[in-house]
Structure formats: C-alpha cells, structure tokens
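Positions are given from 1, in the same order as the sequence printed here. Atoms considered below: every heavy atom in the structure, side chains included; atoms not considered: hydrogens, waters and symmetry mates. What you see is a predicted model; the values in this text were computed from it and never measured.
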Amino acid sequence: MTAIETQVQYATYTMTSEQVYSQEDDWDRDLLLDPAWEKQQRKTFTAWCNSHLRKAGTQIENIEEDFRNGLKLMLLLEVISGRWSPQAEDIYCERLPRPDKGKMRFHKIANVNKALDFICSKGVKLVSIGAEEIVDGNVKMTLGMIWTIILRFAIQDISVEETSAKEGLLLWCQRKTAPYRNVNCLLFNLAWLQVHPDDPIGNLNTAFEVAEKYLDIPKMLDAEDIVNTPKPDEKAIMTYVSCFYHAFAGAEQAETAANRICKVLAVNQENEKLMQEYEKLASELLEWIRRTIPWLENRVAEQSMRAMQQKLEDFRDYRRVHKPPKVQEKCQLEINFNTLQTKLRLSNRPAFMPSEGKMVSDIANAWKGLEQVEKGYEEWLLTEIRRLERLDHLAEKFKQKCSLHESWTAGKEELLSMKDYESASLMEIRALMRKHEAFESDLAAHQDRVEQIAAIAQELNELDYHDAVTINSRCQGICDQWDNLGTLTQKRRDSLERVEKLWETIDQLYLEFAKRAAPFNNWMDGAMEDLQDMFIVHSIEEIQSLITAHDQFKATLPEADKERMTTMGIQGEIVKIAQTYGIKLSGINPYTVLSPQDITNKWDAVKHLVPLRDQMLQEEVARQQSNERLRRQFAAQANIIGPWIQTKMEEISHVSVDIAGSLEEQMSSLKQYEQNIINYKSNIDKLEGDHQLSQESLIFDNKHTNYTMEHVRVGWEQLLTTIARTINEVENQILTRDAKGISQEQLNEFRASFNHFDRKRNGMMDPDDFRACLISMGYDLGEVEFARIMTLVDSNNTGVVTFQAFIDFMTRETAETDTADQVMASFKILASDKTYITVEELRRELPPEQADYCISRMTKYVSGDAPPGALDYISFSSALYGESDL
C-alpha cells in the first residue's frame, strides 16, 4: 500500500450520493452489459478466481467456458469458503458434495446446482440465475453469479466503523486516502480517475505492479481500461479494491499473530531455563547427600582415644563448614521450585514435574535421611569415646591388680611344695603348722582380688578391648595358678595334720603374733591398694563421694595404729621372755614370714600414701569445678537462645496474618526480620564454642538446661528455612498481583476475608472454613461444585487452603491467558490458512530467536502434498500447553 500511495498522485473528484448506485440499477434494468464493463468484469473476475484457484493448483482461461461443467466452480467455492484441503481427512476440511464425473449435460447441470445450493446455504438469494444458463455459457449470468460470490465471500464481511460490505469498503478507502491532498474518494468507479493528469496510465501501472510484487495481488485490470473508459465498471473496481483490503487486513492479523507467538515462546523459554536450573541444583544436592551418607554410616571404631577424637573433630568440621552451604542450597531449591510453579500457573501452563527422584519431597526425604544418619553418627562417636575411656581405665586397673597378685603369689607354689616337715623338730613342726594356717588365712583374703581380676577381664572382653588376647592370656594364667595354689595348700595341710600329733608344744606368742600380723598386713595391703587405686568421675557429687570415703578411711587410722601397737607388743613380749629366760632367738618367727620391720615399713608406706591421695582428690575436685563452670556457662546461653528461637518461629508463623499494609511493606518487614535473625548468628557461634569446650573436657550431660546443641542447631536451621519460605510466599503474592492486575485494595479485601475465616490463625483454612468463606461472598455451593473448587485450591489433597491458593482461585475466572487454540489460529494466519508452515514463513514473520526456537522443536508435517521441510504447528501449539508431547 505504501508503494502505491507514494507513486500515485490524485486529483480532486466529487459525485453526489444519488449517482452512487445508478450504474448497478441501469445494469440490472437493461439486462445488458456495456461492452467496456463486460471486458473489465471478465478480466477482474477471471484474475480474482485464479487468485484462489491457484491454491488448489489450477486456473481458468475463459470464465464462461471453464465453469460450464461445474467442477472448477465447486472447487472455487471450497477454496474461498475455507473448506478445501489437500487431505480429505484434515480437521479443517468439510468439502461440498462429491461432483458428478460424467460429461453429459445433466451431469454438468447437477454439478452447477450443487454449487448454487451451496451459495444459497450461505444466505445469498440468487435471482434469475439458473444452472442451465451457466452450463450454456451465458456470459451475463456467469458474471452475475461470480459477482454474487465475490459480494458474499470477499465484501459482505468487511466492517469499518459500524458500516459493512460496500459502504464499509468505501469508508475504508476514504480513511486510507484521507492523509493525501486532493483525494476525495466518494465512488469506486470514478475514484480511480483521480490520478495526476500528467501520466495517469504510468502511475496506475506502477501501483498495479507494486501490489502484485509486494502484496501478492494479481493484476486484474489494465490501466488503459480505467483511463480510457469514462465510467469504469464499479463491480470490477470493488473486486480489485477488496483484494487490497484483505491484503492489508491479513498483514495486520499476521503481525498480531506473530506478537502473540513471540510472547508465548518467550514465557516458555524462560520456564524451560528455570526447569533446567532446578534439575541441575537438585542433582548436585542429591549427589552431595549420596556421597555424605556412606561417610556418616561408616562405624568402624578406632583403637585409640586420639584417633576417635580426630573423627569427632572431622565431624565438627562437617557441621561448621560443609553442611551450612548445603542447607542454604536446599532452601533456595524450594524457593526456585515454588516460584517456577507460580509462573507456570500464571501463564496457564501445566505444573512442572521434575525428573524421577528429584521432587521437592524426594529431596526433603533424602535430607531427613541424612540428618538421621548424622545424629546416629554423633551418638556413636560419643559412645565410642566413652567406651575407649572406660577401656583404658579398666586395662590399667587390671594390670595393677595383676602385678600386685603376681607379686604376692611369687614363690608360693615352691613353698607349698616343700617337705621340710619331714626333718623338723617338734617346735619346727608346730611352727610349720601355724605358718600354714596363717598362709591359708592369707590365701582366703586374696580370693577377692582374683575375682576382681576375672571380673575386669570379662568386662574388657564385653567392651571389645583391642588387646583382649593378652588380657585373657594373663587372666587365665592367674586363674590356673590360683587353682594350683588351692590344691597345693590342701595337700600341705593334710601332711601337717598327719604329723601334728607328734608335736606337743607350740610358741603361743609367735603364733599370736603371726595371727595378728597377717590380717593386719592384709589390711595394710588393701589400704595401699585402695590409696593407689585409679578413679574416674564425671561430677562434683562423685568426687565428693570419694573424698567422704577417704575421710572415713582416715578416721580408722587411730584404731589401726592401736592394732599395730598391740601386734608389735606381742613381739616385745617374745623378746622380753627370751631375755628373761635366756632363750636365744633365731630372729625368725616360725609361723609367719612377716617381721616387725615389715609391719613398720608398710605402716610408714600407708601414712605416706594418705596425703598423696588427698592431693589427687583435691586436683580432681578442681577439675570437676571447672567442668561445672562450663556446664553453667553453656546452660546460661542455651536457656536464652532456645526460647528466642521459639519466639521468632511463633512470630514468623503469624506475620503473614498480622502484618498490615501493602505486600511491599510486608516484604520490607520480613526482610527486617531476616536481617535481625542473621545478626543473631554470633550468639549461635559463641554457643558452638562453649559446646566444643565442653566436649573437649569430656562433658556429656548438663542438668542446668534442657537444650542441647543439637536442639539449638535444628531450631536455628528451621528458623532460617521458615523466614526464607515466608518471604518467598509474599514474593509469589506480588507475582500474582502483578500478573493478574489485582489492586492493593483487592488484596487487602482478600486478606481480610481469609483472616476472618482462618480460625486457627495459622495462615491456612480448613475445608469447612473455606466453604463458609465462599458462602459469605455469595457462592451457591452444592457438594459437587465445592468438590470441584477444592481440587483447584488443594490439588495435592493436603486438607487445607493456603492464602496463595485462595488468591489464585479468586482471580482465576477474570485472568486473561493464552490458550492452545489461540496459538494454533495465530500460526494458521502466518501460514496463509495452510495446515502446515514453512521455515521461510517462520523466519519472515517471527524474530530470529523465536523462529529458531520453533524450527528446532516443530515436527515435520507428513503429507504427500506438502513441500519438503514443511512443519506441523498444530502439535507444537498443543505441546506448549501440556496437551501433547513435543
């Protein structure tokens, strides 16, 4: 149009309205055509018919001859009515009745009648036009019939500013030529004469050539037919002009269709990018969890305390360094998923279904499994450390008791095996007997120690001590030796009792000394063993219990000293009697190996060990007091941080309900909440430091607080996740508001209605509350209708309605969204009503990026009549909206 408008000049021409229809009236009344008009109509109508017939691969040469058999006439009607298609089974194809193939006159009349019946079915009244005239080649009737078809299919549907058909077309011409000076288009047949008189034929030929080249409008008239005719045929002119109207209308329609497609494709491309990002982030997070769980499930215990403490330090590094970024990634993944689903819902796309095993629920389950394994691993570490500590203590205690017992039993077997009584005197025999009785008493006293050694060995085996073989071997040797000692003791007693009758005298004093010295010596051995006994405690109460026991032991020392003095007094009596009666003493008590000097030395050793024991106990008291300070220090912070986290969780859970104002104000408030929470992180870090000091001091319990570090960590992670999720919900509400065109007042009304029926004040409505809300807004709900609405607002069957779902429902009916049918119709326009589209048409009508996107995703159009490379836009449009697969 632009080329024509720039190359054709117009002169002013006017005509009265009474003259507008005079030509058509004269033509109908006279029933004859002006030869010039007939020529113009033949040319114009023939060119117009061929512009449509070429779509079916044919054309006409002589208008009154080529339509006589009715075949091309029926084909023309199918093409211009949109019923023709290369494939009969095409969804857009609804052909006319099948034509008769015979060449007889009655076959031709039947075909023409089928065409005329179709024209009449379109509401056209045919006057004086019969099938016989068309078959006979009546020029006037044939031209009249073609004009009727042109009026019905090319001009009747034209509508411009509440005017239609001929008047609408004329008004369109006037609007298009209004900006040009000296152009006043009042009549079709004379408006063409308003050409600059210098070169009217050249200007018209230029206009016709430009229209044919750029608008695909075939040349329907010669410039000489218009310029050399005083009054050109109006019907020919109107036919020609209608082609211009449809060409420009089609261009505008194609531009609109291209814009719609670009918009739809841009949304689809953005959504695909978000989906790919979600898949990538989900895969990385799941892979990290998959790699981490086997490490946490590895419960192979180390044999040394140092190695186990290194495992504990590695676990702390995992908690402080490696896990926090993954917690943030998990939270961001949920936010991205919710944002993507909101965008898909707003653009009328089907919900995004991630790959198998990458749903948000799958990630949540994997994360839950990780935390369960993590908790079990920490408990296992602490249990193993306690076990190793206990094992080290028991092993050292076992070695000490074994050394004392082996020291006592050294030489006892050789002594019991001696047969010295065979050559001994009476006194010596008696002495040997008493000595053996003392040994038996001593042996019985050591029975408890052997039982203790066996019990410690059994406990070491039960706790899976790494050097259990050595322990068992040593314990078995002691037990075997003990059994042998019992056997030898009994044999020696039998021998002594057998010869006891031969001896009559006995030194009572030596015997009494031996009897007193042996238990007292055993008591001192036990006291020395207790004073050197190792201990392990975990509280002030336990060490105080040991101190109390030690004080009780010290209280018995005066009585023990009295016993020592009594025993030493017996020895003094022996010396006094020997001096009195002149007895020469050998210096050896025949009834015991203990000498007064042994008793004195051991007593001195006991008195030396008592203050050393006091010092050890006081040092342990200082250590336990330090541990108690650490417990109280941790508890003081934990008792503040724990309730603070709980309070913030409760505040955030009600923030979406209680905060007033716009969504942006709500977002600002939530961001401030988030910043306050982030600023509080230093308190968590300080508590972590105190917790580490407690674990390094092997403190595993704390009666001053109910909060453990694990409780605080879990609460802190839940708090960060909750504030991030709440901010994401407000962001989605902003997206919904902007996409749906909802005003702040409407959002406030929705919020007020939602809060009124949210009886639990938890940001969600039960189905009964939601039904009451709908009834209050005027909905007349039956069970079936309410069930349908619930499937919209609660598609996952959670049993509650969130505020986001409530807003989506309230705005769903009024939202303007694209549909698959609209996109198909747009592609059909670009494809010039074909059921397929070519690569050239896509590149001509769409921007390069959208054109490449369509070409890469459209499937090939399979049809024998389609050109090579034709693409199927119908299945592509359906796939955009989830109605089929690409």
Side-chain angles (χ1 to χ4, degrees), residues 400-401 403-405 407-412 415 427-449 452 489 503 505-533 546-618:
Q400 185 184 46
K401 287 184 177 296
S403 297
L404 290 172
H405 178 79
S407 175
W408 178 83
T409 59
K412 295 293 189 294
L415 182 64
M427 293 297 293
E428 290 173 342
I429 291 299
R430 291 179 176 178
L432 288 176
M433 187 63 187
R434 301 300 180 265
K435 183 178 180 180
H436 187 71
E437 290 176 353
F439 174 79
E440 286 179 329
S441 178
D442 197 8
L443 185 67
H446 281 79
Q447 177 68 32
D448 289 340
R449 181 181 295 166
Q452 290 175 3
T489 300
W503 310 103
T505 60
I506 185 168
D507 190 343
Q508 294 295 330
L509 291 176
Y510 270 132
L511 181 59
E512 187 176 357
F513 176 86
K515 288 184 177 180
R516 283 184 174 272
F520 185 68
N521 180 69
N522 287 335
W523 176 87
M524 287 190 297
D525 286 341
M528 292 173 63
E529 182 178 356
D530 292 338
L531 290 172
Q532 298 178 80
D533 189 23
L546 291 178
I547 292 174
T548 300
H550 184 61
D551 291 339
Q552 292 174 353
F553 167 78
K554 290 192 293 184
T556 65
L557 289 178
E559 187 67 24
D561 188 51
K562 185 185 295 185
E563 177 66 16
R564 183 186 67 82
M565 294 298 295
T566 300
T567 303
M568 296 303 292
I570 293 173
Q571 179 65 26
E573 249 339 275
I574 294 173
V575 174
K576 182 178 179 181
I577 292 173
Q579 291 175 353
T580 302
Y581 295 99
I583 298 175
K584 186 178 180 180
L585 300 176
S586 62
I588 300 175
N589 191 323
Y591 306 111
T592 180
V593 295
L594 294 173
S595 67
Q597 187 62 43
D598 293 334
I599 300 298
T600 301
N601 292 340
K602 285 191 177 181
W603 178 253
D604 292 339
V606 169
K607 291 194 296 183
H608 176 71
L609 290 173
V610 169
L612 293 179
R613 184 72 169 182
D614 286 334
Q615 180 180 355
M616 290 174 62
L617 291 173
Q618 290 304 318

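How far CH2 of Trp523 is from CE of Met528: 11.0 Å, rounded to the nearest 0.5 Å. Once rounded to the nearest 0.5 Å, the distance linking OG1 of Thr556 with CD of Glu559 reads 9.0 Å. Once rounded to the nearest 0.5 Å, the distance linking CZ of Arg516 with CG of Leu594 reads 14.5 Å. To the nearest 0.5 Å, atoms CE (Met568) and CD (Gln597) are separated by 8.0 Å. Atom NE2 in His446 sits 8.5 Å away from atom CG in Leu404 (nearest 0.5 Å). Going from atom CG of Leu443 over to atom OG1 of Thr489 covers 5.0 Å, rounded to the nearest 0.5 Å.
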List the steps, then state whether side-chain hydrogen bond (donor to acceptor under 3.5 Å, both in side chains) holds for Asp442 with Trp408.
-> CA-CA 10 Å; Asp442 197 8; Trp408 178 83; 2.9 Å; yes
side-chain hydrogen bond (donor to acceptor under 3.5 Å, both in side chains) evaluation trace for Asp448 with Gln452 = CA-CA 6 Å; Asp448 289 340; Gln452 290 175 3; 6.0 Å; no
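The ring pair (Phe, Tyr, Trp, His ring centres under 6.0 Å) check on His436 picks up nothing, with sequence neighbours excluded.
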Determine all donor-acceptor pairs shorter than 3.5 Å in which one atom belongs to a side chain in residues 604-613; sequence neighbours excluded.
from: Arg613; atom 1: NH1; to: Leu531; atom 2: O; distance (Å): 3.3
from: Arg613; atom 1: NH1; to: Asp533; atom 2: O; distance (Å): 2.6

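Counting heavy atoms from C-beta on, the side chains of Gln618 and Ile547 come closer than 4.5 Å. Counting heavy atoms from C-beta outward, Asn521 and Asp598 have side chains that stay 4.5 Å or more apart.
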